[in-house]
Amino acid sequence: GESVGLHLPTLSVQEGDNSIINCAYSNSASDYFIWYKQESGKGPQFIIDIRSNMDKRQGQRVTVLLNKTVKHLSLQIAATQPGDSAVYFCAENPLTGGGNKLTFGTGTQLKVEL
Amino acid sequence: NAGVMQNPRHLVRRRGQEARLRCSPMKGHSHVYWYRQLPEEGLKFMVYLQKENIIDESGMPKERFSAEFPKEGPSILRIQQVVRGDSAAYFCASSSGQGALNEQYFGPGTRLTVT
């Protein structure tokens, strides 16, 4: 079936560096993508989203890039801080065709080293 | 403004017992979603409910699992005759159901352990 997956299970970065977390999706009909951050023992927290009619969207210290040609999504975190340490998930929400369920990738563990 | 609330946060059940997980959506939200997360994995969709209606239960196991969202009170995810494979974190999310994007807000989860 269709799936959303991540390339790297663990990413270690130095504090202050930029982080890039990647995600591949297989459903070419996907039209809405979300990045979530999950800290240990907590539920997923919304970070940023992007629709398929865009290729870039910026938030506070975060940027999401969408490449529909290769079905690739990335999350960039600028000036990574210790508080950014968490598992990051990309998720797909097929807005068209009805329903509102999210399909999550496996997750990438981001570790920020001091 | 309270977020999505789930209880209990931790639940231990012996094989064969029943587990009841509760979810109170954010104020003003009438749409509830349940997801299951196994260790080291992403969340898997189970069911989508609106008040008194099941909209999409395509992710629910055919047996032993049921969900409801009554007119009054929290949404309940019920697991009958639990087995060790049911051990997981169960997350509830809610949304307003309005707007094209309809962002889902997640609760802290219930961690179910079956012994």
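Naming convention: chains lettered A, B, ... in sequence-line order (proteins, then strands); numbering from 1 in each chain.
- Contact of B/Q37 with chain A is made through the side chain alone, with heavy-atom distances under 4.5 Å.
- Considering CG of A/L73 and OG of A/S30, their distance stands at 10.0 Å, rounded to 0.5 Å.
- Judged by distance alone, the side chain of B/R64 and the main-chain N or O of B/Q80 form a donor-acceptor pair under 3.5 Å.
- The minimum heavy-atom distance between A/R51 and A/Y32, with the atom names listed, is CG-CD1, 4.0 Å.
- Looking at A/Q38, only its side chain comes within 4.5 Å of chain B, counting heavy atoms on both sides.
- Among B/F106, B/Y105, B/Y33, the residue with the largest count of heavy-atom pairs under 4.5 Å with chain A is B/F106.
- Contacts between residues 107-115 of chain B and chain A, defined by a heavy-atom separation under 4.5 Å, are made by B/G107, B/P108, B/R111.
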List the steps, then state whether ring-ring contact (aromatic ring centres under 6.0 Å, His included) holds for A/Y25 with A/F33.
CA-CA 10 Å; A/Y25 64 95; A/F33 303 89; 4.6 Å; yes
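- The closest donor-acceptor contact from the side chain of A/T108 to the backbone of A/I21 lies at 3.5 Å or more, if one exists at all.
- A donor-acceptor pair under 3.5 Å links the side-chain atoms of A/R57 to the main chain of A/D49, judged by distance alone.
- Scanning for side chain to side chain donor-acceptor pair (under 3.5 Å) contacts around A/S19 gives A/T80, with sequence neighbours left out.
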